[in-house]
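Position 1 is the first residue of the sequence, and the numbers go up from there.
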Amino acid sequence: METPELKVHFEQQGSELTAVEIGRNSRRPVIVSLHRALFALGIVVSSYQARPVGQGLIERVVLSRRDGGAIQGQLNAATRAAILPIALSAESTG
């Protein structure tokens, strides 16, 4: 999904969701809100990187399940559905 201010890129290995990269024209990180929503789904943040680009920020979040399983099927869809509105609302308020 892309707009001039927002880019969300989901990374997968086969059918398993492994990471998400969110780029915005804002320096306000989205990780706090994102972490809460992911934790509610049983997803943990394995690693997090943020780097400034121009006037914005790109955040890369590597994901894994609390129980060590794969993020596939319904959980893959639920994770994406949780991430997108947070990324969009963070852009509109930041």
I'd like to know whether T18 forms a side chain to side chain contact (heavy atoms under 4.5 Å, CB included) with I71, so could you lay out the CA-CA distance, the side-chain angles of the two residues, the decisive distance to 0.1 Å, and finally the verdict.
CA-CA 7 Å; T18 58; I71 303 170; over 6 Å; no
Could you go step by step and tell me if Q72 and S15 meet the side-chain hydrogen bond (donor to acceptor under 3.5 Å, both in side chains) rule?
CA-CA 6 Å; Q72 297 178 325; S15 63; 3.1 Å; yes
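With values rounded to the nearest 0.5 angstrom, L6 atom CG is found 9.0 Å from N25 atom CG. Between L34 atom CG and L63 atom CG the span is 7.5 Å, to the nearest 0.5 Å.
Across all their heavy atoms, P85 and A82 have their closest contact at CD-O, 3.7 Å.
Follow the hydrophobic side-chain contacts under 4.5 Å out from V62 and you never reach I86; the two are in separate clusters.
Contact of the L75 side chain with the L17 side chain is not registered, since no non-hydrogen atoms from C-beta on lie closer than 4.5 Å.
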Determine all donor-acceptor pairs shorter than 3.5 Å in which one atom belongs to a side chain in residues 39-61; sequence neighbours excluded.
unit_1	atom_1	unit_2	atom_2	d
S46	OG	S64	OG	2.9
Y48	OH	E59	OE1	2.6
E59	OE1	V30	N	3.2
E59	OE1	I31	N	3.3
E59	OE2	R24	NH1	2.9
E59	OE2	V30	N	3.0
R60	NE	E11	OE2	3.3
R60	NH2	E11	OE1	2.6

